[in-house]
Amino acid sequence: MAVGKEEVEIVKARTDKREYRRIVLRNSLEVLLISDPETDKCAASMDVSVGFFSDPAGLEGLAHFLEHMLFYASEKYPLEDSYSKYITEHGGSTNAFTSSEFTNYYFDVNTDCFEDALDRFAQFFIKPLMSADATMREIKAVDSENQKNLLSDAWRMGQLQKHLSDEGHPYHKFGTGNWDTLEVRPKAKGLDTRNELIKFYEENYSANRMHLVIYAKESLDKLQILIEDKFQHIRNKDRSCLSFPGQPCSSEHLQILVKAVPIKQGHRLKIIWPITPEILHYKEGPCRYLGHLIGHEGEGSLFYVLKTLGWATSLSAGEGDWTMEFSFFKVGIDLTDAGHEHMQDIIGLLFKYIHLLQQSGVSEWIFNELAAVCETSFHYQDKIPPIDYVVTIACNMNIYPPKDWLVGSSLPSNFSPDIIQMVLHQLSPNSVRIFWESKNFEGQTEKVEPWYGTAYSVEKIDSLVIQEWMLSAPDENLHLPAPNVFIPTDLSLKSAQEKVILPVLLRKSSYSSLWYKPDTMFNTPKAYVKIDFSCPHAGSSPEADVLTDIFARLLMDYLNEYAYYAQVAGLYYGITKTDSGFQVTLVGYNHKLKILLETVIEKIAKFKVNPDRFSVIKEMVIKKYKNFKFQQPYQQAIYYSSLILQNQAWPWMEELEVLPHLVAEDLAKFVPIMLSRSFLECYIAGNIESIEAESIIEHIENVFFKGQNPICQPLFPSQHLTNRVMKLGRGKSYFYAIEGLNPSDENSALVHYIQVHQDDFLLNVKLQLFALIAKQPAFHQLRSVEQLGYITVLMPRNDSGIRGVHFIIQSTVKGPVHIDLRVEAFLKSFETKLYEMTNDEFKNNVNSLIDMKLEKHKNLGEESGFYWREIADGTLKFDRRDSEVAALRQLTQQEFVDFFNENIKVGAPGRRTLSIRVYGASHSAEYTSDKSESLLPNSIQIDDIFSFRRTQSLYGSCRGGFGHMKL
């Protein structure tokens with residue numbers, strides 16, 4: 001029995017129909033039960049109050065390593081990987097993360113097998129097995145995870161901030177761990193890592209340090225009985241709660257300017273102050289208030305001024321890296337080349353704006369406006385997947401009183417000028433830490449951070465220097481934001497005249513087609529609008545593709561100071577380049593959506609090129625292309641596979657070649673040509689009536705296609721673009737080998753792609769069933785047993801309706817050819833297991849996939865994304881899930897085996913494969929031999945991607961006709 005249950009008064013959203021109960025088990029494990037009769041997935045999250053701050057000296061990464069090890073096996077379930085296998089085969093997923101003071105484990109699974117999954121999960125914390133063999137193998141996985149991060153600027157700069165802190169404070173630690181910290185150094189000291197691991201577990205994993213969240217269909221009473229049974233055996237060792245008093249930064253770590261050399265092109269400033277943690281005053285929300293103002297992007301804001309001067313391309317502000325004892329307030333600014341030359345002016349302007357806030361006093365109307373936005377956001381929040389929900393709440397349980405477990409810090413409600421002023425005064429020149437990143441500092445630094453090898457230098461700056469920077473900074477008109485006109489006041493729900501279950505083609509013309517789907521499920525005052533401009537000229541050449549990208553970015557740039565208010569109020573917009581033009585997307589509260597959309601449309605229609613802004617955006621895009629070579633090798637491999645398969649894709653190198661020569665006049669000439677012929681594919685969904693949806697599209701048509709001097713003409717039938725995909729030859733194995741673009745990256749990567757068929761319900765479910773059954777065994781064999789690399793994935797792939805699966809593996813230990821052979825070896829061993837599968841096992845897998853397909857969409861964005869994919873691909877199978885479930889119910893085991901033997905099996909007559917092999921520095925010697933190796937029968941080497949594309953046949957497009965209309 002539980003020690004007690006408490007029907008605590010939990011603050012929850014108005015739209016939240018779920019039931020909650022807090023219980024405390026006899027072993028002092030605190031649990032929150034959530035009953036949701038409508039859920040299709042059950043989930044659980046266990047948060048343990050110990051993290052890498054508790055790593056023993058000289059065993060950096062031990063807490064993180066323990067997190068890895070608990071997934072292997074337990075005394076009750078000794079078969080290695082049986083937990084993850086069970087979760088995956090029953091439609092679920094599982095993962096964990098280690099932070100400074102907490103380690104969180106979580107999973108979700110189909111509802112009918114939640115009890116068994118929970119039983120396996122509970123054994124993590126009751127009696128895990130940490131075999132010597134598994135321990136040694138998993139150290140390699142942790143090392144591979146660290147290798148993946150070594151050339152990531154985010155990881156490098158985060159660790160540099162920790163490195164420049166008090167060595168005696170745990171903030172200074174390296175939390176990930178690697179081969180050196182978990183194997184080499186312990187061995188040198190005569191320590192056995194496995195013994196240390198078990199000791200760490202025994203000392204720290206105690207029931208009274210744990211918080212569990214359970215999300216399920218069953219009633220609270222049934223859940224309580226279940227939890228008492230499964231989790232009461234976790235031992236309570238009565239460990240005291242860990243705390244780490246003291247500040248990470250002493251005086252020597254404050255008033256410093258750090259110059260650091262990043263991996264990627266670009267310049268960035270991060271200005272950091274130690275402050276009082278907001279968690280101590282979360283109802284007053286001082287950091288939320290200050291982050292809102294310092295990070296604002298409207299007219300008069302710091303970012304607006306920096307953008308107008310041509311010095312910055314983005315700015316963010318808010319609290320980061322906090323505990324109950326310490327916290328940092330951070331302002332991050334991405335700089336242009338010109339901004340890099342004006343660093344002192346930018347810091348001066350930042351402190352000028354802080355001074356303005358101090359002089360202006362704390363504004364009650366701003367606090368109230370922010371509180372109102374937060375309250376509306378909380379009460380009309382979208383439902384999210386249970387797995388995400390339980391993780392958030394489990395983390396909150398460590399920090400907040402029970403009534404605020406669901407709310408966290410999201411509802412500032414106590415206006416306290418004194419508390420906000422207290423934190424504002426802590427943003428002082430006396431305690432600032434400035435981190436300045438730029439490739440320009442190469443060769444000018446004298447220090448190296450030990451874990452990631454980041455080159456840096458440090459110099460002291462006092463408050464007099466900052467005052468000089470403030471005095472010399474430009475005299476710009478910095479001021480507080482205006483009242484936000486986009487805050488919705490009409491949150492009423494519009495009743496749909498009829499129950500429209502699937503999208504309908506509401507309106508069609510030679511200019512556009514409008515798909516419409518009213519909200520019949522989510523009951524929120526929100527809408528989703530997608531306008532896809534199909535413009536044949538947009539993707540006609542590398543120059544056109546780049547100019548379309550700059551055009552979309554410039555539009556976002558022009559709209560920013562106006563539309564930023566809409567984003568603050570919960571109405572989001574985006575303008576993005578596509579392969580065939582560009583898209584406008586709006587999602588959020590419907591009340592003022594039309595106002596924002598009409599402004600966006602007007603900006604497109606009256607587009608003019610501002611040469612200064614063109615130069616800034618061009619500089620950004622050039623850096624984006626130059627930084628492509630610093631992508632992870634597996635990302636490069638995915639890129640090459642898409643470049644080979646997509647008929648109309650332009651290579652990044654060609655686009656980078658044309659970029660420097662483009663000028664503002666080129667864009668000014670290009671945009672009218674691009675827009676001269678267009679077709680608009682539109683999707684409108686949510687809390688919008690059909691007549692309003694039609695009027696929106698009529699307005700857009702009037703702007704672009706009608707009037708005395710129309711901007712656009714309708715497309716000719718021959719101009720309707722289609723996405724065509726390469727059809728690989730039956731029984732053929734293609735491979736493309738290339739060296740990684742970054743010679744400093746040790747990692748190699750493989751994408752092993754198996755192309756199967758064009759969209760077809762029966763073939764789709766056979767392929768998905770294979771991916772479901774093979775996913776976890778592939779991960780276990782290739783990652784856990786063979787330790788090829790931390791990134792090891794098997795997943796389905798869909799290229800414009802052409803279906804397949806691909807293995808994605810990144811490794812420092814083995815080269816791509818070896819990994820390719822291991823993938824094929826896995827498929828051969830899997831073949832044996834497939835033949836040995838019992839009929840019951842087959843049916844269980846089929847039922848798991850059916851449950852996954854019948855899972856309801858959680859929110860309007862998720863639903864709209866699903867239907868838009870059907871429209872974009874041209875498949876228009878809006879009832880796809882029901883049709884595929886019907887196909888699954890008819891599927892026999894023999895048909896599934898026949899499908900595998902025809903399409904997936906190594907050497908199968910219908911098998912089509914493409915291997916992309918990216919060679920990192922550790923395997924560069926193998927690259928030459930791979931390129932020159934004698935080819936096996938039916939193996940085809942791709943030397944030149946574009947010559948290959950020109951010689952291959954293509955799948956027919958899924959788009960059947962003119963704007964989906966029969967001619």
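- In this structure, Glu375 contributes its side chain and Ser410 its backbone to no donor-acceptor pair below 3.5 Å.
- Taken to the nearest 0.5 Å, the CD1 atom of Ile419 stands 13.5 Å off from the CG atom of Leu424.
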Tyr389/Leu406 under side-chain contact (heavy atoms from CB on, under 4.5 Å): CA gap, chis, key distance, verdict
CA-CA 9 Å; Tyr389 194 59; Leu406 309 188; 3.8 Å; yes
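- Judged purely by atom type and a 3.5 angstrom limit, Arg433 uses its side chain to pair as donor or acceptor with the backbone of Gln161.
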List the steps and the verdict of side chain to side chain donor-acceptor pair (under 3.5 Å) for Asp166 and His172.
CA-CA 6 Å; Asp166 191 333; His172 184 82; over 6 Å; no
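- Note: His163 and Tyr456 have perpendicular aromatic rings, judged against thresholds of 30 and 60 degrees for the angle between ring planes.
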Salt bridge (Lys or Arg N to Asp or Glu O under 4.0 Å) evaluation trace for Glu561 with Lys307:
CA-CA 10 Å; Glu561 55 265 18; Lys307 179 184 146 182; 3.1 Å; yes
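- Using a 4.0 Å cut-off between a side-chain N of Lys or Arg and a carboxylate O of Asp or Glu, Glu692 and Lys594 do not qualify as a salt bridge.
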Go through it in stages, so that I can follow the logic: the residues are Thr15 and Asn523, the test is side-chain contact (heavy atoms from CB on, under 4.5 Å), and I'd like the CA-CA distance, side-chain angles, deciding distance and then a yes or no.
CA-CA 8 Å; Thr15 54; Asn523 299 313; over 6 Å; no
I would like to know whether Glu619 and Thr336 meet side chain to side chain donor-acceptor pair (under 3.5 Å); could you show each step before the answer?
CA-CA 8 Å; Glu619 182 189 310; Thr336 62; 4.6 Å; no
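- Considering only heavy atoms from C-beta on, Asp382 stays 4.5 Å or farther from Leu860 through its side chain.
- By the 6.0 Å contact criterion, CG on Asp462 is enclosed, its count of non-hydrogen atoms from other residues, nucleotides or ligands being greater than 12.
- Between Asp153 and Lys264 no salt bridge is recorded (no basic side-chain N to carboxylate O distance below 4.0 Å).
- Between Leu480 and Leu357, some side-chain heavy-atom pair lies under the 4.5 Å cut-off.
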CA sep, side-chain torsions, deciding dist, call: Gln426, Thr276, side chain to side chain donor-acceptor pair (under 3.5 Å)
CA-CA 8 Å; Gln426 291 171 351; Thr276 302; 2.8 Å; yes
Does the pair His211 and Asn398 meet the rule for a side chain to side chain donor-acceptor pair (under 3.5 Å), with working shown?
CA-CA 7 Å; His211 295 88; Asn398 277 304; 2.9 Å; yes
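- Residues Pro417 and Tyr289 are not in side-chain contact: their nearest non-hydrogen atoms beyond the backbone lie 4.5 Å or more apart.
- Taking the six-membered ring for Trp and the full ring otherwise, the centers of Tyr562 and Phe486 sit less than 6.0 Å from each other.
- Residues Asp321 and Lys162 are not paired through a salt bridge, judged by the lack of any N-O separation under 4.0 Å between the basic side chain and the carboxylate.
- His267 places no side-chain N or O within 3.5 Å of a backbone atom of Gly339 that could act as its donor or acceptor partner.
- Panel note: side chain Glu341, backbone Ala338; no donor-acceptor pair is recorded below 3.5 Å.
- At a threshold of 4.5 Å between non-hydrogen side-chain atoms, the residues Leu350 and Leu306 do not count as touching.
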Assess whether side-chain contact (heavy atoms from CB on, under 4.5 Å) is satisfied between Tyr573 and Met556, documenting all intermediate values.
CA-CA 9 Å; Tyr573 79 107; Met556 292 287 287; 3.4 Å; yes
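- For the side chain to side chain donor-acceptor pair (under 3.5 Å) with Ser45, the qualifying choice from Thr392, Asn104, Asp388 is Asn104, the only one to do so.
- Formation of a donor-acceptor pair under 3.5 Å by the Glu278 side chain with backbone atoms of Arg288 is found in this model.
- A side chain to side chain contact (heavy atoms under 4.5 Å, CB included) with Ile347 holds for exactly one of Val331, Ile466, Val465; it is Ile466.
- Between Phe329 and Trp273, the ring planes are tilted. Angles from 30° to 60° get that label.
- A donor-acceptor pair under 3.5 Å is absent between the side-chain atoms of Asn414 and the main chain of Glu284, judged by distance alone.
- Side-chain atoms of Asp490 and Ser492 include a donor-acceptor pair closer than 3.5 Å.
- Residues Tyr400 and Ser409 bring a donor and an acceptor atom of their side chains to less than 3.5 Å of each other.
- The aromatic rings of Phe326 and Phe53 lie parallel to each other, their planes meeting at an angle below 30°, with 60° marking the opposite boundary.
- Not one N or O on the side chain of Arg268 forms a donor-acceptor pair closer than 3.5 Å with the backbone of Gly332.
- The pair Asp519-Lys526 fails the salt-bridge criterion, with no side-chain N (NZ, NE, NH1 or NH2) lying under 4.0 Å from an Asp/Glu carboxylate O.
- Rounded to the nearest 0.5 angstrom, Leu335 CG and Ser438 OG are separated by 8.5 Å.
- More than 12 non-hydrogen atoms from other residues, nucleotides or ligands lie less than 6.0 angstrom from NZ of Lys460.
- Side-chain atoms of Tyr304 and Tyr564, non-hydrogen and from C-beta on, never get closer than 4.5 Å to each other.
- With rounding to the nearest 0.5 Å, the separation of SG in Cys395 from CG in Asp47 is 4.5 Å.
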Test side-chain contact (heavy atoms from CB on, under 4.5 Å) applied to His340 and Asn440, step by step
CA-CA 9 Å; His340 178 69; Asn440 292 13; 3.4 Å; yes
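- Contact of the Lys858 side chain with the Phe522 side chain is not registered, since no non-hydrogen atoms from C-beta on lie closer than 4.5 Å.
- When each of Phe435, Tyr171, Trp322 is paired with Phe328, the ring pair (Phe, Tyr, Trp, His ring centres under 6.0 Å) condition holds for Tyr171 and for no other.
- A donor-acceptor pair is defined here as one N or O able to donate and one able to accept, closer than 3.5 Å; such a pair exists between the side chain of Ser49 and the backbone of Arg209.
- Formation of a donor-acceptor pair under 3.5 Å by the Arg156 side chain with backbone atoms of Tyr452 is found in this model.
- Not a single donor-acceptor pair under 3.5 Å links the side chain of Lys530 to the backbone N or O of Leu586.
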